[in-house]
Structures are given as C-alpha cells and as structure tokens.
Amino acid sequence: MSSNKALFSALFIMGAVAANAQASTNSPYTRYGLGELSDQAFAHNAAMGGIGYALRSSEQINVMNPASYSAVDSLSFMFDIGMGLKSSNYQENGYKTNAKNASFDYLAMQFRLHPRVGFAVGFTPYSNVGYKFSRTSDIENSDDVTLTNTFYGDGGLQQIFGGIGFKILDNLSIGANVGYLYGEIDYQTLATLSNGGDQTTTYNNISINSYIANFGLQYTQKLSKTDKVTLGLVYGLGHDLKSTETKGIQVTDGSSYSELTEETIKDSYGIPSTFGAGLTWQHKQNLTVGADYTLQQFENVKYDNSTDFYKNRTRIGAGIEYMPSLYGRNYLSRIRYRAGAYYSSSYMKLPEYDGPKEWGVSAGFGLPLHLFQRNTVLSITGQYVRVLPSVKGMLSENRFVLKLGLTFNEHWFMKWRVN
C-alpha cells in the first residue's frame, strides 16, 4: 500500500511540475532557433562532462540511453529530481553585464517490470528561451532623434516521456523513449523613437504540441574478472513538429490609434535526427571512465518554413567517476568523485555569422545518504562554461552552474519471511 501511495504521489508531482515548468535562462543567443538546447543530462551525468550513452547502473537513472533501464535490479524503485543555479557574465565590445537564474531541471522514476525489462517515466526540458536587451541607434538625416529597439523572448519546450529497456542477452540491451513534446516560445521587438513618435511592436508566438521518440542500444563485453567495457548507441527521430505560429505587427501612437496586422502559420518548425555513440570502461565497481559523441542533423530542418537557417551540431564529452570503496566504513571512501569536460558547436547560422561555440569543465560528488530503506544519493555538480562567438568582438559568456540531484532508491518488492 505504501509503495502504491509513493507511486501515485510521484506521478502527481511530475504532472504538476511539468504543467508549470518555465524556461530559465538569460542568453541573448536564445533569440534564434528553438533556444538553448538541453542535453538531457542529470546531475551525475553533468559532472562527468554530460556523458551517458554507455553508462549502466542499478543505482541511478540514465535517460540518455533507454537501453540502460534494463540494468535496474529486481528490488529497486528509483526516484530522481534535480534543479540548477546559474550565474552568467556577458561581455561585448567592452560592455559587461551579468544575470542569475534558478531552474527545475528534471524529474524521473524507474523500476523493473520483468527480470529483463526496466521501465522509466520522466520530465525534462528540451530547450529554453530567455532574454531581454536593448540597442539604440541614430536615425539617418536626423541629428536629434534616436531609435531604440528592445528585444524580448521567453518560453521553451518540455517533454514528458515513458521508456522501456529490454535485456535481449545478458550483455545486450535495447530500449526506447516515447514522449509528448510541448511548449510556447514568445519573441517580441519594440521599436520606439526618442521624439515620442509611433511605437512599433513586432511579435511572434510559437505553440508546439507534438511527439518525440529516441532509441538506444548497449553492449557490454567483459575483459577480465574486474574489467568490462560498454558500447552505447542512440538514435533520436527527427521530424516536422505540429505547431501553430502567430506573427503580428502593431503600430500605435499610444493613445488615439492602433493598427494591427497578423497572420497564423501551421507546422513550420522541426527537430533534427540525432545520432550518438559512447564507450565506457569500468574497473570493479570503483572506477568508470567514458566518452560520448553526438551529431544532431539540423541541416534541412524547418525553421519558420525555411530549411537554410540551421547547421549540424556536434558535441564531444568525456568523464570519470571514482569511488574508493563501495562498503567502506569511512564515509569519504563511499563518496563518488566525478569530473569531466565537453565541447559543442552551435546549430545556428545567424544572419551574418555562425552561432557560438561552447566548451565546459565540470566536477562533482555523489554523497550517500541513509534515508528510507536504502542509500539515497545527493549529487552536487559544479560547471564552468565558456561560450565563444565565431566573430571577434561579439557577445561572449562565462557561465557558472551548480546542479543538485537527489536520487531516492527504495526497496519495494522484497518478500518478507516471518518465522
């Protein structure tokens, strides 16, 4: 009975959070495309450079490859929740500013359906949009009138998914995630004249309600009694999204008149096909080293009914996790120590140049906590991210991120004996 109550409570929390999720970022680069993309990395993945395609664990949820769900043991119910704190410093042509954000990052739960089948359900963001900045310029043939453009954007896309991992052989598993992709993105530009003339507002609202699907495979090969390697492969289905876009231009003097022109466009956006490969080496249960490669085929993906706005995006990450002793009496010996790094290119082709490149380094800890019937793990991850423009003098960003993830791991399915 208590297990059923916990399950229903988890589903209720997941639905409430997903319904009220808000994007949380302040990057002017999110003005383009679908915004800043999420790599679906939980706090423990992020500490290892965001890798996950070849990670298999019975103690943590790994949504980056659904084939990993089959690794869950027969007694476990896992519940994972995460949040992030971000501080960003921007610089462009000597001008500096900063912004701080907090965000809810993910929610997921996982348990076994069959000795060879694991099941997971969760909520994660897909992309985030958030910015507000202004630019002022002189009007030609006028010495005392200036034009100020204020750019504003907000919103993002989220996904609710369910997934199954199936162990075909003892060392080979496959899996699939299928989900509902939804959200709204609002873009707006307000043009005002310093002499109090007409104000012009250009806006577009994008509403998306569609599906998302990805598939995974993991193959593990033992090298010795203490060492093994795992190969992970993933594929994300690219397709046109079911969407409604409302574009409009409003001109007003602020009092006597207002003129509005508006149009609605259907199904003018898409998401890319994604290919990923990862490899990990594990020594006993103490040391894991791995690397991932991701290719997102954005070329020919629709953006506002155009197919020349994007370019392919690649990401490379590597990471390590070390735990001195699984059953050590010393608390420090049971902490999971993690570190990693990554590099990614942009998927955007901006009007006059390519989007920025990004690289980051990370480190973190997995702290065991004695809650409920089993160990619960608190994952703390720190990241430093550097965003560099493709043209010198354009906007650059230094980002400091703190990610917190809490993984509850309970005994649910034990059969108790009474003597």
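The model shown is predicted, which means the values in this text are computed figures rather than measured ones. Below, each value reflects all heavy atoms present in this structure, side chains not excepted, and no hydrogens, waters or symmetry copies.
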Quiz item: What pairs of residues pass the ring-ring contact (aromatic ring centres under 6.0 Å, His included) test when at least one of them lies in residues 190-213, not counting sequence neighbours?
Solution: Tyr211-His239
Quiz item: Looking at the rings of Tyr131 and Tyr152, which for Trp means the six-membered one, are their centres under 6.0 Å apart?
Solution: no
Practice problem: State whether the side chain of Tyr310 and the backbone N or O of Gly33 hold a donor-acceptor pair below 3.5 Å, judged by distance alone. | Solution: no
Quiz item: Short question: side chain of Gln285, backbone of Ser325 - any donor-acceptor pair under 3.5 Å?
Solution: no
Self-check item: Distance-only donor-acceptor check, side chains Ser173 and Arg116, under 3.5 Å
Solution: no
Quiz item: Is the backbone of Ala46 close enough, under 3.5 Å, to the side chain of Arg338 for a donor and an acceptor to pair up by distance?
Solution: no
Practice problem: Provide the full list of salt bridge (Lys or Arg N to Asp or Glu O under 4.0 Å) pairs with a residue in residues 227-242, sequence neighbours left out, each pair given once. | Solution: Asp240-Lys302
Practice problem: Indicate whether any N or O donor in one side chain lies under 3.5 Å from an N or O acceptor in the other, for Ser306 and Asp304. | Solution: no
Quiz item: Have Thr244 and Lys266 got a donor and an acceptor in their side chains that come within less than 3.5 Å?
Solution: yes
Quiz item: Ring centroid separation for Tyr337 and Tyr322, is it under 6.0 angstrom?
Solution: no
Practice problem: Kindly write out the residues that satisfy side chain to side chain contact (heavy atoms under 4.5 Å, CB included) with Ser345, not counting sequence neighbours, or none if the list is empty. | Solution: Arg313, Thr314, Tyr343
Practice problem: Compute whether any side-chain donor of one residue and acceptor of the other, for Tyr180 and Asn209, lie under 3.5 angstrom apart. | Solution: yes
Quiz prompt | Side-chain donor-acceptor contact under 3.5 Å, Gln60 with Thr407 | solution = no
Exercise. Verify the ring-centre separation between Tyr106 and Phe123: is it less than 6.0 angstrom?
Key: no
Quiz item: With distance as the sole criterion, is a donor-acceptor pair present between the side chains of Tyr53 and Thr294 under 3.5 Å?
Solution: yes
Exercise. Could you tell me whether the side chain of His44 and the main chain of Ile61 form a donor-acceptor pair under 3.5 Å?
Key: yes
Quiz item: Should the pair Tyr303 and Tyr269 be assigned to parallel (<30°), tilted (30 to 60°) or perpendicular (>60°) ring geometry?
Solution: perpendicular
Practice problem: Using distance alone, with no hydrogens and no angle criterion, decide if Glu397 and Ser88 have a side-chain donor and acceptor under 3.5 Å apart. | Solution: yes
Practice problem: Compute whether any side-chain donor of one residue and acceptor of the other, for Gln159 and Thr124, lie under 3.5 angstrom apart. | Solution: yes
Quiz prompt | Pair Asp186, Asn205: side-chain N/O donor-acceptor within cut-off below 3.5 Å | solution = yes
Practice problem: Give a yes or no on whether the ring-centroid distance for Phe119 and Phe111 is below 6.0 angstrom. | Solution: yes
Exercise. Work out which heavy atom in Leu279 is nearest to a heavy atom in Asp292; give both atom names and the distance.
Key: N-OD1, 4.4 Å
